[in-house]
Enquirer: 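My questions will all concern the structure given below.
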Amino acid sequence: MSGDHSHSEDQVDGGSRFNDSHKHKDKYKEKEHKHKDHKKDKERDKSKHGNSDHKDSSDKKHRDKEKMKHKDGSTDKYKDKHKEKRKEEKMKSFDGKVKKEKENGFASPHVKSEPEDDIYHSPKHEKSLKRERDDDNDSEFKPKKIKTEIKTENDKRAKKRKPDEVRNNHEQKEFSIFSNILLKAQNEGTPEEPGRLKWEEERYTDGSKWKFLEHKGPVFAPPYEPLPSNVKFYYDGKHMKLSPGAEEVATFFAKMLDHEYTTKDIFRKNFFKDWRKEMTAEEKAKLTDLKKCDFSEMSDYFKAQSEARKAMTKDEKLKIKAENERLLQEYGFCIMDNHKERIANFRIEPPGLFRGRGDHPKMGMLKRRIRPQDIIINCSKDSEHPKPPPGTKWKEVRHDNKVTWLVSWTENIQGSIKYIMLNPSSRIKGEKDWQKYETARRLKKCVDRIRNQYREDWKSKEMRIRQRAVALYFIDKLALRAGNEKEEGETADTVGCCSLRVEHIKLYPENDGQEYVVEFDFLGKDSIRYYNKVPVEKRVFKNLQLFMENKEPDDDLFDRLNTSVLNKHLQELMDGLTAKVFRTYNASITLQQQLKELTSGEDNVPAKILSYNRANRAVAILCNHQRAPPKTFEKSMQNLQTKIDAKRGQLSDAKRDLKSAKADAKIRRDEKSKKTVETKKKAVQRIEEQLMKLEVQATDREENKQIALGTSKLNYLDPRISVAWCKKWGIPVEKIYNKTQREKFAWAIDMAEDDYEF
DNA sequence: GCACCAACTTAGCACCACTTCA
DNA sequence: TGAAGTGGTGCTAAGTTGGTGC
C-alpha cells in the first residue's frame, strides 16, 4: 500500500457498514454466545478453510511452520495469563449462577464483599463534608500504595517523566512561530492582567510544563437537598421514610428511571448492593427486594422540577446565567506562566450512579461524593494556593511542574485518577496538538519504508514478527486502535488490534467474487461494534490461518504480541512513532486526498461544504466513529422532505409565471413587461438556489445518520488541511469550525496558508 | 519481562440554549 | 409567541502510552 492507498476500495461492505450497527449490538452479543455454543460448527468451518488452504502448502511449509512456532521460545509468551483467566472464566461458566450472567452478556464480575456495617452518611450542607466512612474502606478496587512523603514522591515523579524530545533547529524555529501565533490568538480573546503578560517563547528543556501556576481550586457538587415531605417512597406498596443517606442514593436511581440502564439486571444488582450500604440497619432489614421499591413519585418530582426550570421567566434564567458566569470567572481560569488560561472542567463530578458503556460489569455502582479531603491540588509554590471550603482540608497540595493538571482525585469505581486540566484552547494543549500532527507528518515521510518492512516481515521465520507485521498492517490499513489488554470482569469486553481474539475474525478464501476476504466483527472502544469485510493480501490471509491454527475461539489471535512490544518496534522505526500515530496520519491524509478529489471549483459554497463533509465522513467511516441515530431523525427528515416538495412546487409555479411573462413581453414589447420578465427570472433563480440548499442539507443529513463527524474533526484531522482548503476556495472558516473549534485550532487558522500540504 | 500506575487523549451521550418556523 | 428542532457544549467514560519497580 502506498501513501495514497484507498481505504474505501478495500471495504467491501463499506456502504451498509453502519446501517445496523447500533440496533445489532444485542444481536452481536447473541452471536458471540452462538459462537461459543457452536464451537463444533466453527471447528468444522475452520478445518474446511484449513483444507482448502493447505491444498497449496507443501510439507516443507508445514515443517517450517512447526519450526517457526518454537523458534522464539515457549509458546504463548505474552498472553498466557490472560488466556488462563479466560479459561477459568469458561470453567466457572458451568456454575449455574455465573453461567446465567454470561448468558446475559456479562462476564463474571469480580465483586469483593464489603463489611456490612460500613454506612455512608449522605452529606448535608457544611456538615456533609465530614463523613465517618474512611475512603480506603469503601472502595471496590484494590488499594493502592499510600504516598507518605510528599517531597520524595515529587522527586520520584519528576524522575519518572522524561524531558520532552529535543527538537532540531527547524522544529525549534517552527515552534517559536507556533507559540507566537497562539499568543496572538489568545491575547485577542482574553484580556491579560496588567503586568502579568510575560511570555516565554522558548520551551522548557527539562521536562517542565510550567514555572508558575495559580488557580482557585475546584467547584464542588452542590450538597444534597432532601426531598419535600410530600414526595414519598413506597416499599411493597407502603410509604416508607428513608434516611437522608439512603434517600440521596434512591434519588440517583429515580432520576434514571426512564433510562434503559435501570432495566438491566447488572445495573440493578450493583445499584441495590451499593444502595444497601447507605441504608440504616432498619432500612437494610426491610428493603430486601428492589422490585418492590416504588420510586415513581421521586421520578415525577424531578420531571416536574425540570419542567419548572424550562418554564422559568427570562429574568430567573438570566440570574442563573449570571451566577454561572460568576463561577466561571472565579474558578474557570488559571494563571499559567503569567498567562490567563481557561480551565476545561473546573467542576468536580457530582455523585451518582456509574454509567459504564456496553456491558460494563460495574454499571449502577454508586459514584461517591468527592470531598475536599479527597482532592490533590497542584500549583506552584509561589502562587496563592486555593483555599479549601471552611472547616475542611485538601488531601494534599503539591507543586509538580512536570505535569499539566491542576486538581486530581481518585474515583471509587475503578480506582482511577481523575484530573482537572486546561481547556483545549490553552497554549499547553494547543502545542501538544500541533506536535501530534507534526509526528504524523513525519510518518508520511517514512510510511513507505515502514510498509515495505512489514510486508517483508510477513515472511519472517519468527511467529512473533509475523504477528507483529500483520497487526501493523491492520492498524495501518483499517485504522484500528492498538488494543491494550484489559482486566476481565473490571470493564466491558472490548478489543483493539493486538487484543483481537480468534472469534472476532472469519476468513473467506473467496467471498462475493473477491479473494482472501477477512470479516471483522468485534466491539471496540465504548463498545461500538466494528464490522468490516476486507480483502487482504494472500500472505496476510495465510498468516491469519496460521495464527488461528489449533486455537479456541476465545484465544488471542496475536498471542505473541501486545501493544508494548508493538510500540517498542515502532519506536525503532521512527522516533515518536506509536500505533496511535497511524490513525492520525491515515485520517489526515485521507481528508486531504478526499478534499482534492471531491472539491470542484465550479461548485457554489453549499456544494463545497457538502464535499468537505463528505471528506470528513470518509475519515469518520475509516475510524469507525459512530453515533446513535438522533431520536428525532426520521421526523426531521420527513419535515425536510416536505419542505423540499413545497419548494419544488414553488419552483414550478415560478417557472410557469416566467414563461407567461416572457410570452406577454413578446406581444407587448414594452419596458414594463421586460422588467417583469427580469423579476420573474430572478425569482426562479432564487428558488432554485433555495431548493438546492435544501437538497444538499437532506443528503448531508441522511449520510450522517449514524456517523459522528465531530470526533475525527477534533482529534484526528490536522486542522491546517481544513484551514488551507477554506482559504483556497474562499469558504469562511466559520462554516467548518464553530466557535469552540476555532478557539482550539486558533494556531492552525493563523498558521496555514492556502497551499498547506499535510 | 511484567504488573501497575500516572498522565494524558479520544469518545459518545445528554442536555440546554439558541434558532427557526408556523 | 410558543413549539419544534438542532448544534454546541459539558460531562465523564474509555482508551493509549510510557515510566517504575519488582
Side-chain angles (χ1 to χ4, degrees), chain A residues 22 77-81 142 144-145 147 153 156-162 209 256 259 306 309-311 317 320-321 324 344-350 352 354-358 360 362-363 367 376 378 400 402-405 408 410-411 413-419 421-424 428-429 432-433 436 481-487 490-492 494-496 498-499 524-528 562-568 570-571 576-581 583-584 623-628 630-633 635-637 639-640 643 697 701 708-712 714-716 737-741:
Chain A
H22 280 273
K77 220 168 178 177
Y78 298 114
K79 296 187 175 174
D80 269 358
K81 202 186 152 194
K142 288 172 213 155
K144 287 177 183 174
K145 281 176 195 167
K147 289 164 188 166
E153 283 302 322
K156 275 184 197 169
R157 274 191 299 275
K159 240 204 255 173
K160 216 173 153 179
R161 272 165 242 111
K162 65 168 183 185
K209 301 281 170 41
M256 288 180 75
H259 204 287
S306 165
R309 260 198 310 275
K310 277 181 209 160
K317 281 184 182 171
I320 292 173
K321 206 177 169 186
N324 282 336
N345 54 326
F346 56 89
R347 286 170 202 273
I348 297 284
E349 295 172 21
F354 177 70
R355 302 177 174 212
R357 293 169 192 161
H360 200 295
K362 293 186 173 181
M363 64 166 76
K367 248 178 72 160
I376 300 174
N378 194 30
D400 183 359
K402 301 287 191 291
V403 296
T404 65
W405 55 266
S408 77
T410 303
E411 55 90 31
I413 305 289
Q414 329 252 26
S416 62
I417 305 168
K418 300 262 187 169
Y419 302 95
M421 288 189 188
L422 293 192
N423 189 273
I428 213 159
K429 294 283 181 190
K432 214 50 197 307
D433 216 30
K436 176 180 77 183
R481 293 186 188 85
N484 282 315
E485 286 163 47
K486 297 166 76 188
E487 212 169 321
E490 294 291 301
T491 53
T494 61
V495 295
C498 294
S499 51
K525 183 178 180 181
D526 291 319
S527 292
I528 296 292
N562 61 32
T563 52
S564 157
V565 169
L566 180 67
N567 280 335
K568 250 179 214 153
L570 293 175
Q571 188 62 44
L577 184 61
T578 64
K580 192 160 84 84
V581 179
R583 246 166 109 79
T584 313
C623 295
N624 200 36
H625 291 144
Q626 298 187 44
R627 62 167 185 169
K631 281 165 199 155
T632 52
F633 184 82
K635 205 184 165 199
S636 80
M637 278 311 282
N639 290 348
L640 197 52
K643 269 191 209 168
Q697 203 184 338
R701 198 179 291 176
L709 299 186
T711 309
S712 49
L714 276 179
N715 301 301
Y716 289 106
Y737 291 132
N738 66 35
K739 190 171 154 273
T740 316
Q741 291 164 342

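Letters A, B, ... are given to chains in the order of the sequence lines, protein chains preceding strands, and every chain is numbered from 1. Because the structure is a prediction, the values reported are computed rather than measured.
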Enquirer: With K436(A), which residues qualify under salt bridge (charged side-chain N to carboxylate O under 4.0 Å, His left out), at least two apart?
Expert: D433(A)

Enquirer: Would you mind classifying the nucleic acid contact of T494(A) as base, sugar-phosphate or nothing, using non-hydrogen atoms under 4.0 angstrom?
Expert: sugar-phosphate

Enquirer: Send over the distance from K432(A) NZ to dA7(B) C1', rounded to a whole Å.
Expert: 8 Å

Enquirer: Within a radius of less than 6.0 Å around NZ of K568(A), do more than 12 heavy atoms belonging to other residues, nucleotides or ligands occur?
Expert: no

Enquirer: Separation of K402(A) atom NZ from dG19(C) atom P, in whole Å?
Expert: 15 Å

Enquirer: Could you tell me whether G483(A) contacts a base, only the sugar-phosphate backbone, or nothing, with contacts defined as non-hydrogen atoms closer than 4.0 Å?
Expert: sugar-phosphate

Enquirer: Taking OP1 and OP2 of dG1(B), is either one under 4.0 Å from a side-chain nitrogen or oxygen of S564(A)?
Expert: no

Enquirer: Return the value, rounded to whole Å, for the distance between atom OH of Y419(A) and atom C1' of dT10(B).
Expert: 16 Å

Enquirer: Please state whether the phosphate of dT17(C), meaning OP1 or OP2, lies under 4.0 angstrom from any side-chain nitrogen or oxygen of T578(A).
Expert: yes

Enquirer: Rounded to whole angstrom units, what separation is found between the CD1 atom of I417(A) and the P atom of dA14(C)?
Expert: 17 Å

Enquirer: Please determine if a side-chain N or O atom of S416(A) lies less than 4.0 Å away from the OP1 or OP2 oxygen of dA6(B).
Expert: no

Enquirer: As a test of understanding, state which of R357(A), R627(A), Q626(A) forms a side chain to side chain contact (heavy atoms under 4.5 Å, CB included) with I528(A).
Expert: Q626(A)

Enquirer: Please identify each residue that fulfils salt bridge (charged side-chain N to carboxylate O under 4.0 Å, His left out) with K418(A), with sequence neighbours left out.
Expert: E349(A)

Enquirer: Taking the side chain as everything from C-beta on, heavy atoms only, tell me whether R481(A) gets closer than 4.5 Å to V495(A).
Expert: no

Enquirer: Would you indicate, yes or no, if dC13(B) has its OP1 or OP2 atom less than 4.0 angstrom from a side-chain nitrogen or oxygen of H259(A)?
Expert: no

Enquirer: Out of dA7(B), dT10(B), dT17(C), which nucleotide sits closest to the side chain of Y716(A)?
Expert: dT10(B)

Enquirer: Report the distance from atom CD of E487(A) to atom P of dC2(B), rounded to the nearest whole Å.
Expert: 16 Å

Enquirer: Using the side-chain heavy atoms of N715(A), tell me which of these nucleotides is nearest: dG12(B), dA11(B), dC8(B).
Expert: dA11(B)

Enquirer: Can you see whether T578(A) engages N567(A) through a side-chain donor-acceptor pair at a distance of less than 3.5 angstrom?
Expert: no

Enquirer: In whole angstrom, give the distance that lies between atom CG of N484(A) and atom C1' of dT17(C).
Expert: 8 Å

Enquirer: From C-beta outward on R481(A), which listed nucleotide comes closest to its side chain: dT17(C), dC8(B), dG15(C)?
Expert: dG15(C)

Enquirer: Between the side chains of K367(A) and E411(A), is the shortest nitrogen-to-carboxylate-oxygen separation below 4.0 Å, so that they form an ion pair?
Expert: no

Enquirer: Compare all side-chain heavy atoms of E485(A) with those of N562(A) and state whether any distance is below 4.5 angstrom.
Expert: yes

Enquirer: Counting the atoms with a prime plus P, OP1 and OP2 as sugar-phosphate, which does K321(A) contact under 4.0 Å by heavy atoms, base, sugar-phosphate, or nothing?
Expert: sugar-phosphate

Enquirer: Where does the angle between the aromatic ring planes of W405(A) and Y419(A) fall among parallel (under 30°), tilted (30 to 60°) and perpendicular (over 60°)?
Expert: tilted

Enquirer: Rounded to the nearest Å, what distance is computed from the CG atom of residue L709(A) to the C1' atom of nucleotide dT10(B)?
Expert: 16 Å

Enquirer: Select one nucleotide: of dA11(B), dC8(B), dT17(C), the one nearest the side-chain heavy atoms of N567(A).
Expert: dT17(C)

Enquirer: Which nucleotide sits closest to the side chain of A579(A): dT17(C), dG12(B), dC13(B)?
Expert: dT17(C)

Enquirer: From C-beta outward on R583(A), which listed nucleotide comes closest to its side chain: dA7(B), dT17(C), dA11(B)?
Expert: dA11(B)

Enquirer: Heavy atoms only, 4.0 Å cut-off, all strands: where does K317(A) land among base, sugar-phosphate and nothing?
Expert: nothing

Enquirer: On DNA chain B, compare the nucleotides closest to R309(A) and T404(A); which residue's is nearer the 5' end?
Expert: T404(A)

Enquirer: Hey, does K429(A) reach any base, or is it just sugar-phosphate, or nothing, if we go heavy atoms under 4.0 Å?
Expert: sugar-phosphate

Enquirer: Please list, for nucleotides 6-13 of chain C, all pairs of protein and nucleotide N/O atoms separated by less than 3.5 Å.
Expert:
from: dT6(C); atom 1: OP1; to: R701(A); atom 2: NH1; distance (Å): 2.6
from: dT6(C); atom 1: OP1; to: R701(A); atom 2: NH2; distance (Å): 3.1
from: dT6(C); atom 1: OP2; to: S636(A); atom 2: OG; distance (Å): 3.3
from: dT9(C); atom 1: OP1; to: T740(A); atom 2: OG1; distance (Å): 3.4
from: dT9(C); atom 1: OP2; to: T740(A); atom 2: OG1; distance (Å): 2.0
from: dT9(C); atom 1: O5'; to: T740(A); atom 2: OG1; distance (Å): 3.4
from: dA13(C); atom 1: OP1; to: K367(A); atom 2: NZ; distance (Å): 3.1
from: dA13(C); atom 1: OP2; to: K418(A); atom 2: NZ; distance (Å): 2.4

Enquirer: Just call it for G710(A): base, sugar-phosphate, or nothing, with non-hydrogen atoms closer than 4.0 Å on any strand.
Expert: nothing

Enquirer: Between A708(A) and K580(A), who's closer to the 5' end of DNA chain B by nearest nucleotide?
Expert: K580(A)

Enquirer: Give the rounded distance in Å between these two atoms: CG of N324(A) and P of dA17(B).
Expert: 9 Å

